[in-house]
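Heads up: the structure comes next, in structure tokens.
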Amino acid sequence: MVLMLKALNRVWKVREKTLEVYDLKIMTHHSKRYVALKVMYFGQRFYGFASEAQMDPTVEYSRCGRTDKGVSSVGQVIALFLRSNLKETDQNHKITGELFPEARIEGEIDYARVLNRVLPSDIRTLGWSPVSIDFSARFSCLAREYKYFFWRGNLNLSAMENAGKKFLGEHDFRNFCKMDAANVHNYRRRITQFEISSSNMSFEGGQLCAIKVKGSAFLWHQVRCMVAVLFMIGQGLESVDVIDILLDIEKTPRKPQYAMAPETPLILQSCEFEDVKFICSSDSGQALRIHLENEGRAYQLQSAIFQEAALSCLPLAKDQSLLNDGTIKKVTSHIPLLSRPTEPSYEERRAKLNSRR
């Protein structure tokens, strides 16, 4: 997920209170503390939450989960050193620059308030928490939860849910991800929760639904690949048993070629940690709720404009149909996943990498 760095680099200095990200050498003359921030962002205009060359805007700190271009989050967590309001002095009354104990929060900078006053409207800090110096937003995370929104249409939700339950437990998900053989050698991941639910939102009679997936960790593009296959099952193009076949890497060592589900409906819902409680003052929380409600209304107005345009447009041609995600595509015959061309296996990718050395 690419987003906050350039925004934050322009943001940390505020006239009334200075909040800066420091190199440790620079911070030696300032009080500082190690802080975890809980962040939300609307991913439509961002390239993701990782460092990408020539991508703007881009941000990278110690982060809990990488999200792709266009993916949003309401629960991303980053950890970094921040300047503190608390003062510690030595015998000569000079600021020592020592780290403050995690429990001390009284009198501290209201990080959420300060940041949210200067961040772009589609990025918000939801809370902060003091953490120990050995805390890692990535490696201290116990579980991550994703949600994928979609329009129900004619999808068979029962078949999709039965198929999705097959993901539960620990499996090798190399056929449900974008393989990075140069850096990733273990493709086993544990899924602890899977469910499909309906929301109270609808559009033109269409019901908005969500797939929730929770696990300890996820591979690159894993959720979007899982959802893509579930959509094929929901459309009756693939059987529920195709999940078992793709999870059996002895029978299916090479991933069939298929397109991932679109990125925009995917959000990183939450990241769980032990003994980390995020703080948001009442004033910051009220301002945050008002901002998010106003942003939601603005997007609803935009939706109304698109709805008016849809009512005014010409009928679809006979060779076109509406997909469940609302896009338009020419009708084509479905090629079964197990009959498609396949990508190289992990072993073949590694052999090719080794041959270049």
Side-chain angles (χ1 to χ4, degrees), residues 1 40-44 65 67-76 143-169 173 176-177 191-215 218 221-243 246-247 258-271 292-293 295-297 299-304 306-307 310 316 320-329 331 334 337:
M1 199 178 38
M40 71 81 57
Y41 47 87
F42 187 61
Q44 192 168 11
T67 55
D68 306 324
K69 174 184 176 181
V71 176
S72 302
S73 174
V74 297
Q76 177 69 274
R144 298 161 174 86
E145 181 181 308
Y146 286 87
K147 272 190 177 180
Y148 192 97
F149 292 97
F150 64 96
W151 296 106
R152 177 170 184 172
N154 295 321
L155 292 173
N156 185 336
L157 296 189
S158 178
M160 291 174 62
E161 187 140 30
N162 289 337
K165 297 295 184 183
K166 295 178 178 291
F167 291 129
L168 292 173
F173 284 94
F176 292 93
C177 71
I191 301 298
T192 57
Q193 187 176 0
F194 177 93
E195 64 181 51
I196 299 178
S197 60
S198 300
S199 75
N200 57 3
M201 295 183 63
S202 62
F203 181 82
E204 290 292 296
Q207 182 69 43
L208 186 67
C209 299
I211 295 172
K212 181 169 73 173
V213 183
K214 184 177 180 180
F218 290 85
H221 295 323
Q222 181 180 339
V223 176
R224 291 171 62 192
C225 288
M226 292 165 62
V227 170
V229 177
L230 290 175
F231 280 165
M232 296 180 203
I233 293 170
Q235 295 173 72
L237 302 174
E238 295 287 344
S239 71
V240 172
D241 296 334
V242 77
I243 301 296
L246 292 175
L247 288 175
Y258 60 88
M260 295 183 294
E263 69 278 2
T264 305
L266 179 62
I267 64 168
L268 175 58
Q269 179 74 15
S270 65
C271 302
L292 295 177
E293 289 172 0
E295 288 293 297
R297 291 191 187 98
Y299 280 105
Q300 286 177 333
L301 289 175
Q302 293 182 36
S303 174
F306 284 108
Q307 185 175 5
L316 294 175
Q320 290 182 324
S321 64
L322 283 173
L323 296 180
N324 290 293
D325 62 359
T327 59
I328 295 178
K329 179 181 178 181
V331 177
H334 176 75
L337 282 173

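- With contacts defined as side-chain heavy-atom distances shorter than 4.5 Å, the pair Glu145/Ser270 qualifies.
- Aromatic rings from Phe173 and Phe218 are positioned such that their centres are separated by 6.0 Å or more.
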For this session: Just do the side chain to side chain contact (heavy atoms under 4.5 Å, CB included) check on Gln269 and Val213 with the steps written out, would you?
Result: CA-CA 10 Å; Gln269 179 74 15; Val213 183; over 6 Å; no
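- Inter-residue side-chain proximity for Ile196 and Met160 is flagged as met; some heavy-atom pair is nearer than 4.5 Å.
- A heavy-atom distance below 4.5 Å is not found between the side chains of Val227 and Phe176.
- Remark: Arg297 CZ to Leu292 CG distance equals 11.0 Å, nearest 0.5 Å.
- In this structure a side-chain-to-backbone donor-acceptor pair under 3.5 Å is present from Thr192 to Lys214.
- In this structure, CG on Leu157 lies 4.0 Å from CZ on Arg152, to the nearest 0.5 angstrom.
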Problem set entry | Full working for side chain to side chain contact (heavy atoms under 4.5 Å, CB included) between Lys212 and Gln193 | CA-CA 8 Å; Lys212 181 169 73 173; Gln193 187 176 0; 3.4 Å; yes
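- No side-chain heavy atom of Pro265 sits less than 4.5 Å from a side-chain heavy atom of Phe150.
- Annotation: side chain of Ile211 is in contact with side chain of Phe194 (closest heavy-atom distance under 4.5 Å).
- A donor-acceptor contact shorter than 3.5 Å is absent between the side chain of Ser72 and the backbone of Phe42.
- When atom types are taken as modelled, the side chain of Gln235 and the backbone of Phe231 share a donor-acceptor pair closer than 3.5 angstrom.
- Shown here for Ser198 and Cys209, the closest heavy-atom pair between the two residues is OG-SG, 3.7 Å.
- With Glu238 contributing its side chain and Leu337 its backbone, the two residues share a donor-acceptor pair below 3.5 Å.
- Not a single donor-acceptor pair under 3.5 Å links the side chain of Tyr148 to the backbone N or O of Met226.
- Distance alone, capped at 3.5 Å, places no donor-acceptor pair between the Ser73 side chain and the Ile267 backbone.
- Summarising the geometry of Cys271 relative to Gly75, their closest heavy-atom pair is SG-O, 3.4 Å, with the distance given to 0.1 Å.
- Side-chain atoms of Arg224 come within 3.5 Å of backbone N or O of Ala261 as a donor-acceptor pair.
- Counting only heavy atoms from C-beta outward, the side chains of Val71 and Leu268 never approach each other to under 4.5 Å.
- Atoms NZ and CD, from Lys165 and Glu195 in turn, are 6.5 Å apart once rounded to the nearest 0.5 Å.
- Taken from CD1 in Ile243 to CG in Asn162, the straight-line distance is 11.0 Å, to the nearest 0.5 Å.
- Heavy atoms only, all atoms of each residue included: Ala163 and Ile233 are closest at CB-CD1, 3.6 Å.
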